Amino acid sequence: MIQFYDPLLHCFTYRDFQLVPTLEEFSSILGLPVLDQMPYTGEEEIPKLEDVAAALHLPRSEIKKAWVNKGEYNGLHIDFLYNQAEILINAASMDALEKVLAFLIYGQVLFPRYDKIVDVIAIKIFISNNPVPTLSGDLLHSIHHRSSKGKGCVLGCAPLLHKWFISHLPRSVIKNEEGWTWVQRVMRLSYDDIVWNQKEFDGTHLFDSCGDFQNVPLLDTTGRKKLFIRAWSKVKKEGTRELGPRNYIPSDLYFRWIYDRVVEYGIPYPYDIPVVPRVTPPAIPVVLEPYVPAPNEDLAATIASLRRENADLEKRLREVEAEKAVLVADAKERDSMLDYFSRKWKIEDFVSPDQIQSWEQEIDRLLQERNKMIKAHKEEIISLKRKRRREN
């Protein structure tokens with residue numbers, strides 16, 4: 001895929017089309033919404049141990065003992081999390097087990113930075129419940145950096161990038177009965193082969209702009225761009241109707257432009273496949289709005305006023321929906337905290353049966369020693385009393 005990356009346009013450029021992953025697509029693949037809140041910026045404070053404990057449904061004392069704090073990183077070791085997972089399996093504590101497993105996935109699959117450590121960045125994103133923007137930012141930043149340097153590897157969630165890419169490919173390319181390599185298959189694709197329309201986005205509001213940026217400025221786990229952070233506080237979403245009609249047929253002018261891009265960056269197409277299709281696609285049909293005759297100027301003014309009111313109502317509806325989403329997220333967070341603090345913990349939730357048995361044996365041993373000491377003390381008192389009577 002890196003061979004086809006266009007560093008100027010920040011997208012993948014092919015024979016006659018471009019592809020770039022969007023927040024909506026990543027959100028759909030992961031089954032996680034993009035929350036109406038600031039994504040990870042790198043300026044957040046280190047989470048408190050009680051917040052980490054609440055997110056994992058584990059005691060704070062256990063988190064404190066296992067917390068790793070070194071110069072280059074701090075966080076939790078995966079061996080500790082694996083041990084906790086085994087304990088929770090034996091205790092049949094499924095809610096806490098799911099949290100620990102998800103925590104491991106965040107630290108080792110989605111946002112890996114250090115081997116065998118779930119570092120504090122992954123912990124912050126896990127607690128925020130808003131990983132999609134950061135995942136997208138990490139991947140695109142790494143791809144751009146790799147393309148600019150001409151070497152190295154792409155860091156980030158590679159399975160997510162692969163899942164997104166094949167979602168746009170026709171079934172015949174994925175099936176690959178010819179036995180071609182991925183590059184051979186991709187080089188032969190044209191705009192009419194790509195799966196463009198994804199029905200799950202119909203009727204949804206898509207990211208249109210972010211502050212003064214068109215589309216969305218992305219923040220990754222290494223970025224510290226204050227301009228981007230300010231822009232994220234002014235997100236604008238539009239419905240598919242407002243964004244205009246879809247049209248997947250490129251024009252001749254586009255073909256000439258993309259040919260120059262392919263030649264400039266030396267994208268490796270086989271000699272037997274033209275960069276630009278030999279058959280010029282049909283002209284883009286012009287869609288005209290139906291004419292509605294107006295008997296007088298008052299009616300036209302009324303229609304214009306109603307349209308403005310409708311636009312204002314739709315805008316207010318979107319604002320109310322955003323406020324509702326924030327309130328729902330806050331309510332879920334409060335419920336989670338109440339559940340955590342009101343739960344009646346059992347010792348079996350945190351330690352294994354072998355540990356409990358060893359503790360019971362130690363308690364029995366201490367009780368036996370205590371009884372022996374009491375008996376010896378009584379015997380010594382009796383002996384002292386006898387000695388005193390003989391002296392008297």
Side-chain angles (χ1 to χ4, degrees), residues 26 29-30 32 39-143 145-146 149 151-163 219-224 340 349-355 358:
F26 277 7
I29 292 170
L30 291 167
L32 296 172
Y40 170 79
T41 65
E43 297 188 352
E44 295 85 354
E45 296 180 354
I46 295 178
K48 298 178 180 178
L49 294 184
E50 48 264 34
D51 295 333
V52 180
L56 288 175
H57 290 189
L58 294 175
R60 182 186 183 281
S61 57
E62 293 292 324
I63 301 297
K64 184 177 181 180
K65 286 191 296 184
W67 190 261
V68 178
N69 192 358
K70 294 189 176 180
E72 57 184 278
Y73 59 82
N74 49 19
L76 291 171
H77 201 282
I78 63 171
D79 288 343
F80 162 75
L81 296 168
Y82 282 134
N83 291 334
Q84 291 298 319
E86 290 182 359
I87 293 170
L88 294 169
I89 288 173
N90 293 330
S93 182
M94 301 310 296
D95 289 343
L97 174 63
E98 289 175 0
K99 292 290 184 180
V100 171
L101 295 180
F103 200 75
L104 283 164
I105 292 171
Y106 268 69
Q108 296 293 292
V109 180
L110 301 182
F111 305 103
R113 285 172 59 85
Y114 301 102
D115 190 27
K116 295 188 176 181
I117 291 289
V118 178
D119 85 317
V120 71
I121 290 178
I123 294 173
K124 290 178 184 178
I125 302 171
F126 178 83
I127 293 175
S128 74
N129 292 320
N130 193 28
V132 176
T134 314
L135 280 169
S136 182
D138 269 3
L139 280 169
L140 292 178
H141 173 82
S142 181
I143 290 169
H145 182 75
R146 162 68 177 81
K149 296 294 183 181
K151 61 181 180 180
C153 61
V154 174
L155 300 177
C157 187
L160 177 60
L161 188 65
H162 178 262
K163 180 79 172 177
L219 291 167
D220 62 281
T221 53
T222 60
R224 302 291 185 273
Y340 172 76
D349 292 338
F350 311 108
V351 296
S352 66
D354 293 338
Q355 288 177 304
S358 64

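Here the structure is a predicted model, which means the values were calculated and not measured.
- A side-chain contact (heavy atoms from CB on, under 4.5 Å) with Leu104 holds for exactly one of Leu81, Leu76, Val109; it is Leu81.
- Considering all non-hydrogen atoms of both residues, Cys153 and Arg146 come closest at N-CD, 4.1 Å.
- Atom-to-atom distance recorded for Cys157:SG and Leu30:CG is 7.0 Å, nearest 0.5 angstrom.
- Under the 4.5 Å side-chain criterion, counting only non-hydrogen atoms from C-beta, Leu135 is in contact with Phe111.
- Taking every heavy atom of both residues into account, Asn130 and Pro39 meet most closely at ND2-CA, 3.9 Å.
- Taking NZ of Lys124 as the reference point, atom OG1 of Thr41 lies at 8.0 Å (rounded to 0.5 Å).
- Leu56 contributes atom CG, which lies 10.5 Å from atom CG of Leu101 (distance to the nearest 0.5 angstrom).
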Practice item. In sequence, state the C-alpha distance, the side-chain angles, and the governing distance for Phe80 and Ile63, and then conclude on side-chain contact (heavy atoms from CB on, under 4.5 Å). Key: CA-CA 9 Å; Phe80 162 75; Ile63 301 297; 4.3 Å; yes

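- Two residues are said to be in side-chain contact when any heavy atoms from C-beta on lie closer than 4.5 Å; Val100 and Tyr82 fail this criterion.
- Scanning both residues, Gly75 and Ile123, for their nearest heavy atoms gives CA-CD1, 4.2 Å.
- The two atoms that bring Pro131 and Leu32 nearest to each other are CG-CD1, 3.7 Å, heavy atoms only.
- The OG atom of Ser93 lies 9.5 Å from the CD atom of Glu98; values are rounded to the nearest 0.5 Å.
- Counting heavy atoms from C-beta outward, Val118 and Tyr106 have side chains that stay 4.5 Å or more apart.
- Contact record, Ala122 with Gly107: CB-CA, 3.9 Å, taken as the closest heavy-atom pair.
- Residues Gln84 and Leu58 approach most closely at OE1-CD2, 3.6 Å, considering heavy atoms.
- Counting heavy-atom neighbours within 6.0 Å of His145 NE2, excluding the residue itself, gives a total of 12 or less.
- Side-chain contact between Thr134 and Ile121: absent, with no pair of heavy atoms (C-beta onward) separated by less than 4.5 Å.
- Atom CD1 of residue Ile78 and atom OH of residue Tyr114 lie 15.5 Å apart, to the nearest 0.5 angstrom.
- Proximity of a side-chain donor or acceptor of Glu44 to a complementary backbone N or O of Gly42 within less than 3.5 Å is detected.
- When each of Lys64, Arg60, Lys65 is checked for a salt bridge (charged side-chain N to carboxylate O under 4.0 Å, His left out) with Glu62, only Lys65 meets the rule.
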